[in-house]
Amino acid sequence: MKKFINAADRVVEDSLAGMAAAHHDLIKVHYEPNFITRAGGPVKGKVAIVSGGGSGHEPMHGGFVGRGMLHAACPGAVFTSPTPDQMLAATKAVDGGTGVLHIVKNYTGDILNFEMAADLAKEENIHVNAVVTDDDVAVQDSLYTAGRRGVGGTVLAEKICGAAAEAGADLETVTALCRKVNASVRSIGVALSACTVPHAGKPSFTLEDDEIEFGIGIHGEPGRRRAKHASADELAAMMMEPILTDLPFTKGDHALLFVNGMGGTPLIELYVLFRKAHAIAAQHGVTISRSLVGSYITSLEMAGASISLLRLDDSMTKYWDAPVVTPALRWGA
Amino acid sequence: MKKFINAADRVVEDSLAGMAAAHHDLIKVHYEPNFITRAGGPVKGKVAIVSGGGSGHEPMHGGFVGRGMLHAACPGAVFTSPTPDQMLAATKAVDGGTGVLHIVKNYTGDILNFEMAADLAKEENIHVNAVVTDDDVAVQDSLYTAGRRGVGGTVLAEKICGAAAEAGADLETVTALCRKVNASVRSIGVALSACTVPHAGKPSFTLEDDEIEFGIGIHGEPGRRRAKHASADELAAMMMEPILTDLPFTKGDHALLFVNGMGGTPLIELYVLFRKAHAIAAQHGVTISRSLVGSYITSLEMAGASISLLRLDDSMTKYWDAPVVTPALRWGA
Amino acid sequence: MSGGLDVAVLTAWLGRVAVRYAAEQGYLCDLDAAIGDGDHGANLARGFTAVVAKLGQPASPAALFKSVGMTLIGTVGGASGPLYGTLFIDMGKAAGESTTLDAASWAKVLAAGLAGVAARGKAQPGDKTMIDALTPAVQALQGETDLTAALTASAAAAVHGAEATKKLIAHKGRASYLGERAIGHQDPGATSLAMLLQGLASEAG
Amino acid sequence: MSGGLDVAVLTAWLGRVAVRYAAEQGYLCDLDAAIGDGDHGANLARGFTAVVAKLGQPASPAALFKSVGMTLIGTVGGASGPLYGTLFIDMGKAAGESTTLDAASWAKVLAAGLAGVAARGKAQPGDKTMIDALTPAVQALQGETDLTAALTASAAAAVHGAEATKKLIAHKGRASYLGERAIGHQDPGATSLAMLLQGLASEAG
Ligand SMILES: Nc1ncnc2c1ncn2[C@@H]1O[C@H](COP(=O)(O)OP(=O)(O)O)[C@@H](O)[C@H]1O
Ligand SMILES: Nc1ncnc2c1ncn2[C@@H]1O[C@H](COP(=O)(O)OP(=O)(O)O)[C@@H](O)[C@H]1O
Ligand SMILES: [Mg+2]
Ligand SMILES: [Mg+2]
Ligand SMILES: [Mg+2]
Ligand SMILES: [Mg+2]
């Protein structure tokens, strides 16, 4: 295992310290319990949005803290949900008096810990709503599982809801919008290689030179099935098929296409995938009116990619375009 | 070799097509010869900046085309300098009547091809200046070599000079500023793994589990020497030492610290490096007043990182902060 | 062991378990890597190291369980943090004022812990979770009055339950994403739970 | 071969070289991977495929050389594109009006090409570049009047020159970054240049 780290049990803190040093104009890092807030402190009268999850998915979520997106993020150990004390402290730090939305990716650990935190926050008279994201179409029979995982759609939900909160929408409105974004987005991921969790020291699975994992999540867990490696165009087609049919997307839809790298995939390859995914959407009658390409929700150094497709309406489009000023996403201001 | 590609000889064109589809609001991709310009066409009366180089370093340079940065970029084959016809066509397309600056990284191929292009442009009465970037301190005895390579400092020069051109500075002023940025920045890179050029199909070198390459460039070429893998803090110290002493940086300097991933390095690790590089600069009396962390000048999927340190003056700082609207760098507008 | 489970014995038990989790961290992570995300061993090792460090001198088994539960919730994270935390917190509630737990009261306490875990995680027996070790362990305690025999039988039942998860498809937790591919792999949470009860049998049995 | 180098022979030569570069693409890339960036074979294969495709029916050796040079400049890229391009363009200038080149005029033409490469790349013999194959190849042509013998000797000198680059430290091109680590590796550009002249000896020798 070769990584730029000092010790497995220092990775998260060292990286947070680096973020703090690099982005002190935008964010503030708090330790014990670990959480990140905007540099400015709570915004009176505006809904605050808190997210969090295991580390190893950078820039998600800490890189999305800033004006127009998250108010706070709670990083857990690598691939491990953070603990309720982190979420409680973050929630208290950013509450502007009009309630806090927790955006929670659908994993048992995240759900349970955020639930506990919400209970504790309510005891302190903070109004907390939670929206669980579960956009991963790789999980099919969700009745008999922990349910679909929250993956790439989470990034889009955080951006769009962050803009709504910034614009002054109230808690119920932001909550409903978040549910709507989640209901309108579908994602799937594929891995060309596994990743190595620092404290494990070895890859979480191994793939032959001609194999891929199809339908992976973001925790180095094995995917839905193993498949033969294929051309970028074939893989894009394999990925777009379940995405398009699940929602389903239909002729005339306008959508945001998000091609995401898993951490070890170079941008040149993401654009190759984007090209075909875009063409397939067009064939399907779906107009790609917004796009995002880059590594925004990652699995450490995994080589792989995910595709998310979000059906847009006017309000989502407006909030997507609204200014955002965070370490990882910036535009319009 | 597992990559998201269709065929080795289609990678560049497929990726360009993806960029065109994703960023049609910002850029326009031209084919045969291949180059990228801003969506809007030439800006009358403003100096235009053209850069280029082999592909495989994305987002550099195509991702930096847009308002406040480059006017055009010429992508060559993977790791291969583009050809003069590309540069000539790009130069003609963006010339606003007041001259064009070519920013050229110091590699024999880039130099020779840009020289030929400049000669051809001059024959067509376009005033072309060229600045060669050569910020890589890994190349020591530059008298007996092709000279220091242009690496991370190039990104900073393109941003700062792009802002100056946007602000209306004339060709000589932008040229002088570019020389000054190049003279004020020092960089060095280290690889944890090699990368695989698509048409080669195998890694350009192999490293043992406990080995790194120190002083690499950006083309998968071997570095200056092989060394034992060490902690992130030790590697940051090994990298900062030649950077700080070469310029040299001195107590009281203000600087921009740029920690760059080589394409396969996750952001969490870049922040771990940033933390220590920042601390070492502080110990040296250098204040980090601006920073950039991410994968901006890459070597395909190489796991590795480079550090660049730029001594800032007021004008560089002002131009760094100025708005930029490109696929890969965006802020302030 | 006739004196029953008092604070001293329980404290020794937790120390023993912390050592075991540290030693088996790699094994538990490997089990989790096969069908989950590979962190279960690290999560528990981190949590129980903190438990031992923070425990101090609790006044009663109830206080001890509550402290352990709170520490686990605050340090483990993931799915197992709230679940192990709830196990101990609900055991603490059931322990009441007792200073020493005999076989019958331990049976009641552990059953309360099981109920808490089931309520929080909503898993049922057969879902391939820690519930599949905990449920038979609670059952094995029923009607057994000798503490040594009770703890030994309970630990054996938990180990057996954990092993039996191999043949199951998962319906809860990350392993549920794998469908049929989870078959043949033993559930890490059930395995760690069996280790927990084995530790008690060794310490107090 | 007594008729000298006319357009037909030169065209056949370029076709032969294009095939050879395609076949040796991997070998040349490997040489370049060891001390450069691993693209030299791909660069030349791409360039000479284009040369063959675009050549048409040039009127004279001069026109042929110019066309080849322009195509290489427009398709190869890297360091070798402008250098190989200049080689052919300057050979074209030196070829003048001749329809057929004999040993003496080929010596003059290749020397002009060498001068062009040296002027553009500023490398000297011993710098571990294509100059180290080209220089002895030009020297071997001096005073030789029999074309067959001249081309054979020239190609052999180029091969020998290329092999001799193994012992050199590089002072130009990417290999110069390696310092002592370049020793033991043969320069890819010198190797490809030797192949070019071997092709001519085979075709016309
Ligand atoms: N809903 C649930 N109810 C009971 N136990 C569960 C549930 N979900 C997961 N578990 C247990 O948690 C274990 C995984 O714990 P751990 O790896 O620490 O957390 P995570 O899955 O968040 O990485 C599983 O092996 C399983 O025994
Ligand atoms: N300044 C120079 N003069 C002559 N030949 C050179 C010079 N620089 C490099 N070369 C030749 O170019 C070859 C490398 O070509 P190639 O790999 O195609 O280009 P690049 O180095 O740009 O990747 C080297 O092996 C060397 O022979
Ligand atoms: Mg986990
Ligand atoms: Mg090259
Ligand atoms: Mg786990
Ligand atoms: Mg090369």
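The sequence lines fix the lettering, A, B, ..., with proteins before strands; numbering per chain opens at 1.
When all heavy atoms of A:Ile288 and A:Ala281 are compared, the closest pair comes out as CD1-CB, 3.7 Å. Looking at every heavy atom in both residues, B:Ser55 comes nearest to B:Gly76 through OG-O, 2.7 Å.
The greatest number of non-hydrogen atom pairs below 4.5 Å with chain B, out of A:Leu300, A:Asp25, A:Val78, is found for A:Leu300. Between chain B and the options A:Met302, A:Met19, A:Arg10, the largest number of non-hydrogen pairs under 4.5 Å is found for A:Met19. Ranking A:Leu270, A:Leu292, A:Thr298, A:Thr265 against chain B, the residue ahead of the rest is A:Thr265, based on heavy-atom pairs under 4.5 Å. When A:Val293, A:Asp209, A:Asp210 are compared by the number of non-hydrogen pairs under 4.5 Å with chain B, A:Asp209 comes out ahead. Top candidate by heavy-atom pairs under 4.5 Å with chain A, chosen from B:Lys2, B:His278, B:Glu58, is B:Lys2. Heavy-atom pairs under 4.5 Å with chain B peak, among A:Gly264, A:Pro323, A:Ser291, A:Ala22, at A:Ala22.
Side-chain rings of A:His23 and B:Phe274 stay apart, their centers remaining 6.0 Å or farther from each other.
Contacts of A:Arg290 with chain B are absent, with no heavy-atom separation under 4.5 Å from either backbone or side chain. Using a 4.5 Å cut-off between heavy atoms, B:Ala305 touches chain A through backbone and side chain atoms alike. For a residue to count as touching a neighbouring chain, one of its non-hydrogen atoms must lie under 4.5 Å from one of that chain's; by this rule B:Leu273 touches chain A with the side chain only. Neither the backbone nor the side chain of A:Val259 comes within contact range of chain B; no heavy atoms are under 4.5 Å apart.
B:Glu13 contributes atom CD, which lies 12.0 Å from atom CG of B:Asn6 (distance to the nearest 0.5 angstrom).
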Candidate pair B:Val11 and A:Ile268, rule side-chain contact (heavy atoms from CB on, under 4.5 Å), full reasoning: CA-CA 8 Å; B:Val11 181; A:Ile268 189 170; 3.7 Å; yes

For A:Lys159 and A:Tyr296, what are the C-alpha separation, side-chain angles and deciding distance, and is it a side-chain contact (heavy atoms from CB on, under 4.5 Å)? CA-CA 12 Å; A:Lys159 166 66 186 85; A:Tyr296 292 103; over 6 Å; no

Output, in order, the C-alpha distance, side-chain angles, deciding distance and verdict of side-chain contact (heavy atoms from CB on, under 4.5 Å) for A:Leu16 and A:Tyr31. CA-CA 9 Å; A:Leu16 286 175; A:Tyr31 300 96; 4.1 Å; yes

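Using a 4.5 Å heavy-atom cut-off against chain A, the contacting residues of residues 229-240 of chain B are B:His229, B:Ser231, B:Ala232, B:Asp233, B:Leu235.
A:Glu301 and A:Lys3 are joined by a salt bridge, as a carboxylate oxygen and a charged side-chain nitrogen come within less than 4.0 angstrom of each other. With respect to B:Lys228 and B:Glu211, no salt bridge is recorded, no charged nitrogen being found less than 4.0 Å from a carboxylate O.
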Would you be so kind as to tabulate the donor-acceptor pairs closer than 3.5 Å made by side chains of residues 324-333 of chain B, with sequence neighbours excluded?
| from | atom 1 | to | atom 2 | distance (Å) |
| --- | --- | --- | --- | --- |
| B:Thr326 | OG1 | B:Gly63 | O | 3.1 |
| B:Thr326 | OG1 | B:Ala328 | N | 3.4 |
| B:Thr326 | OG1 | B:Leu329 | N | 2.9 |
| B:Thr326 | OG1 | B:Leu329 | O | 2.7 |
| B:Trp331 | NE1 | B:Trp320 | O | 3.2 |
| B:Trp331 | NE1 | B:Ala322 | O | 3.2 |

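Between A:Phe79 and the options A:Ser204, A:Cys195, A:Pro198, a side chain to side chain contact (heavy atoms under 4.5 Å, CB included) holds for only A:Cys195.
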